[in-house]
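Step one of this worksheet: look at the structure below.
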Amino acid sequence: MTMKNRILAGALCMAAAVLSPAIADACSRVCYVGADSLYVIGRCLDWKTPIPTNIYVYPAGLSKVGSDKPGAVEWTSKYGAVYAVSYDSGITEGMNEKGLCVNGLFCKGTVYDNAETATRPPMSLAMFVGWLLDMNATTDEVIDVLKAHNFSLSGATFDEGTVSALHWGVTDATGHSIIFEFDHGDINIYEMGDYLAMTNDPNWPKMTAIIDYWNQVGGTNMLPGTVKSPDRCVRANFFAHHVDAVADSELGTSICRSVLINSCVPYTYQLGDGEPNVSSTQWRSYSNLRDKLYGFEIVTNYGYFYVDLKKCDLKPGAPILKLDTTKTKMLVGEANKQLEKNPGFTPAY
């Protein structure tokens, strides 16, 4: 595609986004590229109602099953990982001890299976992210799993019948990032390259056309400012490219936070005439892939806390640990001492 056509495609996609109704999902993901191999993945989870999310640390060596359906995918975890578990029943995202990070964001139009893939070993959305983190150390390894596609993906609804239509961002400790999306049973894998942000709709090829259009406009004097998915993605991508690359872990995370917040939806945001918007930012996370720090903040809390995965016992036989986020209103800084032994969450297959 020529540059002229890419700009035209971006303009058309942008116009379609402006004319579309307010979307029901609004998550953002940004990759901060620092110095000395520092990569911090910031992500916000947005929804119309609070989504209770607790933090779990699982060691390696655990036998798991991907679904309660016959013939489900089974595995024994190679790596320990920290998970964000929503409703105490499904893994939304996480980071493993090798610095691999996987985040699931809403993407309308996602169809996971077709007649052929539906016969493959079942895998629930509640366990899918955990499976990828448990068994893979790099983005390339995840790509191999996706290309093999030896699973059938499905999951329970939530929040009174909402279907989890998702796409995923994956980044490893080297900074290698991909996005993968399901299209009627096919898995489309996209190398992110120099793109540093993702949000929700439209699909990734159309989103990159929109980003390319705004790159030509230039963001110094004008950026799209609404809470719509393309606008948030453009803002996050622009600012992620125009901040200092530092090696310091704390400063790098702070920079990532500032970029991410700029593309979040204000809490309790309302449209005109008092009509409530269907989503606003509930929580944000920060995965430091170099230093194995997983940060988390709930927007109604006073600050953000983090789990240092290097200080956790992740060897086979170690206990599962849980951090109950209902007890973190005043928690700031390292939260390892707040982790408590736990039998583990019960997946909502």
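Scope of the values below: all heavy atoms of this structure, side chains included, with no hydrogens, waters or symmetry mates.
Counting all heavy atoms, side chain and backbone alike, Pro230 lies closest to Thr199 at N-OG1, 4.5 Å. Pairing each heavy atom of Met127 with each of Pro347, the nearest pair is SD-CG, 3.7 Å. The two residues Ala348 and Ser124 come nearest to each other via the heavy atoms O-OG, 4.0 Å. Pairing each heavy atom of Ala240 with each of Val30, the nearest pair is CB-CG2, 3.8 Å. Of all non-hydrogen atoms in Pro266 and Val227, the two that sit nearest each other are CD-CG1, 4.5 Å. Among all heavy-atom pairs drawn from Glu116 and Asn114, the shortest one is N-OD1, 3.0 Å.
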(request) Start with the C-alpha distance between Trp204 and Phe180, add both sets of side-chain angles, then the distance that settles ring pair (Phe, Tyr, Trp, His ring centres under 6.0 Å), and finish with yes or no. (result) CA-CA 9 Å; Trp204 188 240; Phe180 66 94; over 10 Å; no

(request) Would you sort out whether Ser154 and Asp113 count as a side chain to side chain donor-acceptor pair (under 3.5 Å), showing the intermediate values? (result) CA-CA 8 Å; Ser154 63; Asp113 276 333; 5.6 Å; no

(request) Test Leu309 against Val57 for side chain to side chain contact (heavy atoms under 4.5 Å, CB included), laying out the working first. (result) CA-CA 8 Å; Leu309 209 56; Val57 175; 4.2 Å; yes

(message) Please evaluate residues Thr174 and Arg290 with respect to the criterion side chain to side chain contact (heavy atoms under 4.5 Å, CB included), reporting the C-alpha separation (whole Å), side-chain torsions for both, the decisive distance (0.1 Å), and the verdict.
(response) CA-CA 8 Å; Thr174 71; Arg290 182 191 69 185; over 6 Å; no

(request) For side chain to side chain contact (heavy atoms under 4.5 Å, CB included), just list the numbers for Leu153 and Leu125, CA-CA rounded to whole Å, side-chain angles, deciding distance to a tenth of an Å, and then say yes or no. (result) CA-CA 7 Å; Leu153 191 61; Leu125 288 166; 3.7 Å; yes

(message) Please determine whether side chain to side chain contact (heavy atoms under 4.5 Å, CB included) holds for the pair Thr119 and Ser152, giving the CA-CA distance in whole Å, both sets of side-chain angles, and the decisive distance to 0.1 Å.
(response) CA-CA 7 Å; Thr119 62; Ser152 170; over 6 Å; no

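For Thr171 and Arg29, the side-chain atoms include at least one donor-acceptor pair closer than 3.5 Å. Side-chain atoms of Asp88 and Asn54 include a donor-acceptor pair closer than 3.5 Å. Ser229 and Asp201 form no side-chain donor-acceptor contact under 3.5 Å, judged by distance and modelled atom types alone. Between the side chains of Arg232 and Ser28, at least one donor N or O lies within less than 3.5 Å of an accepting N or O. Defined by atom type and a distance below 3.5 Å, a donor-acceptor pair is missing between the side-chain atoms of Tyr58 and Asn342. Looking only at atom types and distance, the side chain of Glu74 has no donor-acceptor partner in the side chain of Ser63 under 3.5 Å away. Remark: the Thr53 side chain and the Ser86 side chain contain an N/O donor-acceptor pair separated by less than 3.5 Å.
Ring geometry for Trp131 versus Trp75: interplanar angle of 30 to 60°, hence tilted. The aromatic rings of Phe128 and Phe182 stand perpendicular to each other, their planes meeting at an angle above 60°, with 30° marking the opposite boundary.
In this structure a side-chain-to-backbone donor-acceptor pair under 3.5 Å is missing from Asp134 to Lys78. Using modelled atom types, one side-chain atom of Gln282 and one backbone atom of Trp47 make a donor-acceptor pair closer than 3.5 Å. No donor-acceptor distance shorter than 3.5 angstrom exists from the side chain of Ser279 to the backbone of Lys48, with no hydrogens or angles considered.
Exactly one residue among Ile320, Val82, Leu321 makes a side chain to side chain contact (heavy atoms under 4.5 Å, CB included) with Leu339. That residue is Leu321. When each of Val142, Thr138, Leu289 is paired with Leu100, the side chain to side chain contact (heavy atoms under 4.5 Å, CB included) condition holds for Val142 and for no other. When each of Leu105, Asn103, Val129 is checked for a side chain to side chain contact (heavy atoms under 4.5 Å, CB included) with Trp168, only Val129 meets the rule. With respect to Tyr286, the ring-ring contact (aromatic ring centres under 6.0 Å, His included) criterion is satisfied by exactly one of Tyr304, Phe305, Tyr306: Tyr304.
Checked against a 6.0 Å centroid threshold, the rings of His241 and Phe239 do not count as neighbours. Side-chain rings of Trp283 and Phe296 approach one another, their centers coming within less than 6.0 Å. If you look at Tyr56 and Phe345, their ring centroids are closer than 6.0 Å.
Side-chain contact between Arg120 and Phe151: absent, with no pair of heavy atoms (C-beta onward) separated by less than 4.5 Å. Side-chain contact between Arg257 and Leu260: absent, with no pair of heavy atoms (C-beta onward) separated by less than 4.5 Å. Ile210 places none of its side-chain heavy atoms less than 4.5 Å from the side chain of Cys233. Within the 4.5 Å cutoff, the side chain of Glu93 has heavy atoms near those of the Tyr294 side chain. Contact of the Cys312 side chain with the Asn336 side chain is registered, since non-hydrogen atoms from C-beta on lie closer than 4.5 Å. Two residues are said to be in side-chain contact when any heavy atoms from C-beta on lie closer than 4.5 Å; Val73 and Pro122 fail this criterion. Residues Ile143 and Lys147 are in side-chain contact: their nearest non-hydrogen atoms beyond the backbone lie under 4.5 Å apart.
Residues Tyr79 and Ile55 fall into different hydrophobic clusters, defined by Ile, Leu, Val, Met, Phe, Trp and Tyr side chains chained together at heavy-atom separations under 4.5 Å. Linking ILVMFWY side-chain heavy atoms closer than 4.5 Å, directly or via other members, places Phe238 and Ile261 in two distinct hydrophobic clusters. Residues Val299 and Ile51 do not share a hydrophobic cluster, defined by chaining ILVMFWY side chains whose heavy atoms lie under 4.5 Å apart. Follow the hydrophobic side-chain contacts under 4.5 Å out from Tyr112 and you reach Leu146 in the same cluster. When the side chains of ILVMFWY residues are joined at heavy-atom separations under 4.5 Å, either directly or via intervening members, Val234 and Val217 end up in a single hydrophobic cluster.
For Lys311, the NZ atom sits in a loose shell: 12 or fewer heavy atoms of surrounding residues, nucleotides or ligands are nearer than 6.0 Å. Atom NZ of Lys310 sits in a crowded spot, with more than 12 heavy atoms from other residues, nucleotides or ligands closer than 6.0 Å. Surrounding CD of Glu334 are more than 12 heavy atoms belonging to other residues, nucleotides or ligands, all under 6.0 Å away. For Lys98, the NZ atom is loosely surrounded, since the number of other residues' heavy atoms within 6.0 Å does not exceed 12.
A cation-pi arrangement is absent between Lys69 and Tyr349, since the terminal nitrogen or guanidinium carbon is not both under 6.0 Å from the aromatic centre and inside a 45° cone about the axis.
Of the inter-residue distances, the one linking Leu293 atom CG with Asn288 atom CG reads 4.5 Å to the nearest 0.5 angstrom. How far CE of Met192 is from CD1 of Ile178: 10.0 Å, rounded to the nearest 0.5 Å. How far OG of Ser280 is from OH of Tyr269: 11.0 Å, rounded to the nearest 0.5 Å. Going from atom CE of Met95 over to atom NZ of Lys292 covers 7.5 Å, rounded to the nearest 0.5 Å. Within the model, atoms CG of Asp183 and CG of Asn203 stand 8.0 Å from one another, a figure rounded to the nearest 0.5 Å. Taken to the nearest 0.5 Å, the CG atom of Asn136 stands 10.5 Å off from the CG atom of Asp172.
Under a 4.0 Å N-O distance rule, the pair Glu297/Arg284 qualifies as a salt bridge.
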